[in-house]
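Worksheet: one structure, shown below.
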Number of protein chains: 2
Amino acid sequence: MSTFKPLDPLLHSQLRLAVMSLLIGLDEAEFTFLKEKTESTAGNLSVQLDKLEKAGYIKIEKSFRDKRPLTTCSITSLGVKAFEDYVENLKNYIS
Amino acid sequence: MSTFKPLDPLLHSQLRLAVMSLLIGLDEAEFTFLKEKTESTAGNLSVQLDKLEKAGYIKIEKSFRDKRPLTTCSITSLGVKAFEDYVENLKNYIS
DNA sequence: TAAATAGGTTTATTTTATAAACTACTTTAC
DNA sequence: GTAAAGTAGTTTATAAAATAAACCTATTTA
């Protein structure tokens, strides 16, 4: 019953989990928005977004707005699945 | 509302969380029991139990049974509180 | 045109998690 | 009785992660 399934290390990280939590409820989100909501530093966020993208959990699109760089993120279906699995597994630990 | 409260780093670790999860439902638990249930190595478990003890989240008692060393762990009230807080904070991330 | 700001990335440092090696003692097999 | 294997861990070393600091490029403001 309450066996401890391994927790996806990519999601078992405060910042990456917060990012995924935000993205799962949104169509897309900008870098600065994620930075503000998670209260993270740009450097840390940049690194963690990279990891999520490399895992295929999010998609990152780079463009320009008003001549400035704009990074927009969105969750992928793989990311949604991973997040849901993570939450499901986590329940064994906290209930 | 859904602001991301920091997650106690001492509990945001798969093995330590599993240990706390087990201990919160038990009066006490032996080292070998925790090792089996969490499927961890003795070395890793030993290190993580130390950290939980140093944080005051668990109490570790050492004795002998049948001439062999016996390590018994139990959760403290501080540990219960920390676990409950952790779970409460975590909900912001996963719901 | 110099300084400040925006929007990041890269590199370096610190912290963690984990595994490997070791210790100390006990039991079993020869 | 002694060598080998097993029990119950601890300590040390290594790998991986999180985080912070420094940096970069371009833009805006003074």
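Every value quoted in this text rests on a predicted model; they were computed, and no experiment measured them. Every chain is numbered from 1, with letters handed out A, B, ... down the list of sequences. Every heavy atom of this structure was used, including side-chain atoms; hydrogens, water molecules and symmetry mates were not.
To the nearest angstrom, P of C/dT18 lies 14 Å from CG of B/Leu49. Rounded to an integer number of Å, the gap from A/Arg16 CZ to C/dT16 C1' is 13 Å. When rounded to the nearest whole Å, the span between CD1 of B/Ile60 and C1' of D/dG9 equals 12 Å. In this structure, CD of B/Gln48 is placed 7 Å from P of C/dT18, rounded to the nearest angstrom. Following rounding to the nearest Å, B/Leu17 (CG) and C/dT16 (P) show an atom-to-atom distance of 16 Å. Atom CG in A/Leu7 sits about 14 Å away from atom C1' in C/dA17, given to the nearest Å. Look at CG on B/Asp50: it is 15 Å from P on C/dT16, rounded to the nearest Å. If you take CZ of A/Phe31 and P of C/dA6, they are 14 Å apart, rounded to a whole angstrom.
Here B/Arg65 lies out of heavy-atom contact (under 4.0 Å) with every strand. A/Gln14 comes within 4.0 angstrom of nothing in the nucleic acid, heavy atoms only. Among the protein residues, B/Ser40 comes within range of no part of the nucleic acid, since none of its heavy atoms lies under 4.0 Å from any strand. Contact annotation for A/Leu45: no contact, since no heavy-atom pair falls under 4.0 Å across all strands.
Between D/dA18 and A/Ser13, a contact under 4.0 Å exists linking OP1 or OP2 to a side-chain N or O. OP1 and OP2 of C/dT5 both lie 4.0 Å or more from every side-chain N or O belonging to A/Lys67. For the pair A/Thr71 and C/dG8, the criterion of a side-chain N or O lying under 4.0 Å from OP1 or OP2 is met. Contact check, B/Lys51 against C/dT16: no side-chain N or O comes under 4.0 Å of OP1 or OP2. The phosphate of C/dT9 (OP1 or OP2) has a side-chain N or O of A/Lys62 nearer than 4.0 angstrom.
Between A/Phe4 and A/Tyr93, the two ring planes are tilted [angle within 30° to 60°].
Here D/dT7 is the nucleotide among D/dT7, D/dA18, C/dA17 with the atom lying nearest to any side-chain atom of B/Arg68. The side chain of A/Ala42 lies closest to C/dT9, out of C/dG7, C/dT9, D/dA8.
Of all heavy-atom pairs spanning B/Cys73 and B/Ile60, the tightest one is SG-CG1, 4.3 Å.
Mapped onto DNA chain D by nearest heavy atom, B/Leu70 and A/Gly43 fall at different nucleotides, with B/Leu70 at the one closer to the 5' end. Map A/Asp66 and A/Thr41 each onto its nearest nucleotide of DNA chain D; the residue landing nearer the 5' end is A/Thr41.
Of the listed residues (A/Ile58, A/Thr76, A/Val80), just one forms a side-chain contact (heavy atoms from CB on, under 4.5 Å) with A/Leu23, and that residue is A/Ile58.
Contact of the B/Phe31 side chain with the B/Thr72 side chain is not registered, since no non-hydrogen atoms from C-beta on lie closer than 4.5 Å. Side-chain contact between B/Tyr86 and B/Leu7 is present, with heavy atoms from C-beta onward closer than 4.5 Å.
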